[in-house]
Amino acid sequence: MFTKLKQWLKSSSKTTSPKPQKSSNPKASTRSNAPKTRSIEASRIGELGEYKINIQLDQLPKDTKYISDIMIPNPKSQTGYSQIDHVVISPYGLFVIETKNYNGEIKGTRSDKYWRVSNRFNMYNPLRQNYGHIKALELVLHGFPGLTYISMISFTMRCRFSIDPELRKIESNELIVYDTELSEFIQRKINRLRLTSATPVLTTDQIQKIYDSIANANIQDPALRAAHIGKIKQSQ
C-alpha cells in the first residue's frame, strides 16, 4: 500500500507542476535582474537606516524640534548647495547630524583630510564635510548670531571606531556616535550645555522661528536635488 501511495504522489507532482516554458526571446537572461536586485537591497538598507534614526530622534525631549533631508544654498560648495541629513534644534544649541552607512573599521582624526574604511578605501573626513554644512546653516540663520552648533556623525553598528578618543567625549562639540546611541548622546550633550547656562539660550518661540527659517530655505525641487547629487558623483 505504501508503494502505491508513493507512486501516486510521484505521478501527481508531475501532472500539477508543469515544466517552465522557455522564453521565445533568445536574448532574455536572468542576469539582467541582478542590478535591480542590488538596487532594491541598497534601498532597503537606506530605508532601515533612516527608520532607525527617526526612532532615535523621536525619543528627544518635547522642547526640541528636528528637521530632516535639507538642501540649502552653500556658495563655497562645489555644487552650490549643502545637503544635510538632520538638524536638531534644542534650547541650548543646534545638532547638525551627518549619517554614514559603512561597514568595517573607521580610522581618522580631526586633522586628517581623509579617513580610512577597513584599510580598503578613503572617505572624506565627515567632520570637515559637516563643517561645511554648519557654515551653510549660519548663512540661513544669520538672524540668530552666537548659536552653538554641535557636529555629530552617526555610523551604523556595522562599524567599529579607531578614531581620536576625544570625539567620543561629551565635552566635545564634534561627536562620533553609533546610530543606536544618537538620542542618548544628544540628551547628554544638552545636559552638559545646561550646566554652563543658567537659562535656556533659545525660547520656544525662537526654536520655532529657527525651524521655520530652515524649512523655508530647504530646496525641494527634484531637478535641483538630482543635479546636486550628480555633481557630487562626478567629483568622486
Side-chain angles (χ1 to χ4, degrees), residues 34-61 64-71 82-90 93-134 136-137 149-190 192 218 225 228-229 232-233 235-236:
K36 184 177 180 181
T37 301
R38 287 194 294 268
S39 176
I40 292 173
E41 289 175 352
S43 176
R44 287 175 177 171
I45 290 173
E47 289 173 1
L48 178 60
E50 191 67 24
Y51 175 71
K52 289 166 66 178
I53 293 293
N54 287 339
I55 288 177
Q56 288 291 311
L57 297 181
D58 285 341
Q59 294 175 8
L60 295 175
T64 65
K65 294 182 75 69
Y66 75 86
I67 183 170
S68 302
D69 191 20
I70 310 145
M71 193 172 91
S82 276
Q83 194 159 10
I84 307 170
D85 291 331
H86 310 276
V87 176
V88 174
I89 311 160
S90 83
L94 273 64
F95 295 82
V96 183
I97 304 167
E98 173 70 18
T99 60
K100 297 296 182 185
N101 186 19
Y102 288 104
N103 182 10
E105 184 181 23
I106 307 298
K107 290 184 179 180
T109 67
R110 277 191 177 97
S111 59
D112 294 334
K113 184 174 182 179
Y114 294 98
W115 287 11
R116 292 288 288 169
V117 180
S118 296
N119 286 324
R120 291 185 290 113
F121 58 90
N122 291 337
M123 64 178 289
Y124 185 64
N125 184 335
L127 293 171
R128 291 193 178 194
Q129 178 186 6
N130 223 25
Y131 177 78
H133 295 167
I134 290 172
L137 275 172
Y149 291 87
I150 299 94
S151 176
M152 299 189 75
I153 315 299
S154 170
F155 287 88
T156 68
M157 289 296 292
R158 298 187 302 152
C159 294
R160 61 186 184 279
F161 298 143
S162 294
I163 57 173
D164 182 346
E166 295 297 316
L167 299 175
R168 293 283 292 167
K169 294 182 179 179
I170 208 66
E171 294 85 359
S172 175
N173 281 351
E174 295 177 311
L175 293 168
I176 307 297
V177 302
Y178 290 110
D179 54 4
T180 55
E181 59 186 11
L182 184 60
S183 62
E184 174 196 346
F185 266 73
I186 292 175
Q187 183 61 72
R188 287 174 58 196
K189 186 63 181 180
I190 290 174
R192 177 81 181 182
N218 186 18
R225 283 179 169 250
H228 167 72
I229 295 173
I232 291 176
K233 290 181 178 179
S235 64
Q236 292 176 345

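What's counted below: heavy atoms across the whole structure, side chains too, no hydrogens, waters or symmetry copies.
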| remark: Here the gap from Asn103 atom CG to Arg160 atom CZ, rounded to the nearest 0.5 Å, amounts to 9.0 Å
| request: Tell me, please, which residues at least two apart from Tyr178 pass ring pair (Phe, Tyr, Trp, His ring centres under 6.0 Å). | output: Phe161
| field | Whether Asp69 side chain and Ile84 backbone form a donor-acceptor pair below 3.5 Å | value | no
| request: Decide yes or no on side chain to side chain contact (heavy atoms under 4.5 Å, CB included) for Lys107 and Val117, but give the supporting numbers first. | output: CA-CA 7 Å; Lys107 290 184 179 180; Val117 180; over 6 Å; no
| request: For residues Gln187 and Leu60, determine if any side-chain heavy atom of one lies less than 4.5 Å from a side-chain heavy atom of the other. | output: no
| query | Is it true that a side-chain atom of Asn130 and a backbone atom of Ile153 form a donor plus acceptor pair closer than 3.5 Å? | reply | no
| Separation of Thr180 OG1 from Phe155 CZ (nearest 0.5 Å) | 13.5 Å
| said: Consider side chain to side chain contact (heavy atoms under 4.5 Å, CB included). Of Ile186, Asp58, Ile53, which one does Tyr66 pass it with? | reply: Asp58
| field | Student check: side-chain heavy atoms of Ile134 and Leu94 closer than 4.5 Å | value | no
| message | Looking at Ile170, is its backbone amide N or carbonyl O close enough to the side chain of Lys189 to form a donor-acceptor pair, meaning the two atoms are under 3.5 Å apart? | response | yes
| Would you call Glu166 and Arg168 a salt bridge, taking side-chain N to carboxylate O under 4.0 Å as the test? | no
| message | For the CD atom of Glu174 and the CG atom of Asp164, what is their distance to the nearest 0.5 Å? | response | 9.5 Å
| said: How long is the straight-line distance from CD1 of Ile176 back to NZ of Lys169, given to the nearest 0.5 Å? | reply: 14.5 Å
| Donor-acceptor contact below 3.5 Å, side chain Ser172 vs main chain Leu175 | no
| field | Ile89 vs Thr64 side-chain heavy atoms within contact, under 4.5 Å | value | no
| query | Do Ser151 and Leu127 come within less than 4.5 Å of each other through their side chains, counting heavy atoms only? | reply | yes
| request: State whether the side chain of Asn218 and the backbone N or O of Met71 hold a donor-acceptor pair below 3.5 Å, judged by distance alone. | output: yes
| said: Please find the pair of heavy atoms, one from Cys159 and one from Tyr102, that lie closest to each other, and give the distance. | reply: SG-O, 2.9 Å
| query | Counting distance only, does the side-chain N/O of Gln56 pair as donor-acceptor with the main-chain N or O of Ser183 below 3.5 Å? | reply | yes
| message | Can a donor-acceptor pair be found, under 3.5 Å and without considering hydrogens, that links the side chain of Asp112 to the backbone of Thr109? | response | yes
| Do Thr99 and His86 come close enough that some side-chain heavy atom pair is under 4.5 Å? | yes
| task | Could you verify whether a donor N or O on one side chain and an acceptor N or O on the other, from Tyr131 and Asn125, lie under 3.5 Å apart? | result | no
| query | Does Val88 reach the side chain of Leu57, with side-chain heavy atoms less than 4.5 Å apart? | reply | yes
| request: Calculate, to the nearest 0.5 Å, the distance between atoms CG and CE belonging to Asn173 and Met152 respectively. | output: 10.5 Å
| field | Pairing of Asp179 and Arg158 as salt bridge, 4.0 angstrom limit | value | no
| field | Ser118 side-chain N/O to Glu105 backbone N/O, donor-acceptor pair under 3.5 Å | value | yes
| request: Measure the shortest side-chain to side-chain distance between Lys100 and Pro126 over non-hydrogen atoms and say whether it is less than 4.5 angstrom. | output: yes
| Would Asn122 and Arg116 count as a side chain to side chain contact (heavy atoms under 4.5 Å, CB included) if you check the C-alpha gap in whole Å, the side-chain angles of each, and the deciding distance to 0.1 Å? | CA-CA 5 Å; Asn122 291 337; Arg116 292 288 288 169; 2.7 Å; yes
| request: List for me each residue that meets side chain to side chain contact (heavy atoms under 4.5 Å, CB included) alongside Tyr124, sequence neighbours excluded, and say none if there are none. | output: Lys113, Tyr114, Arg128, Gln129
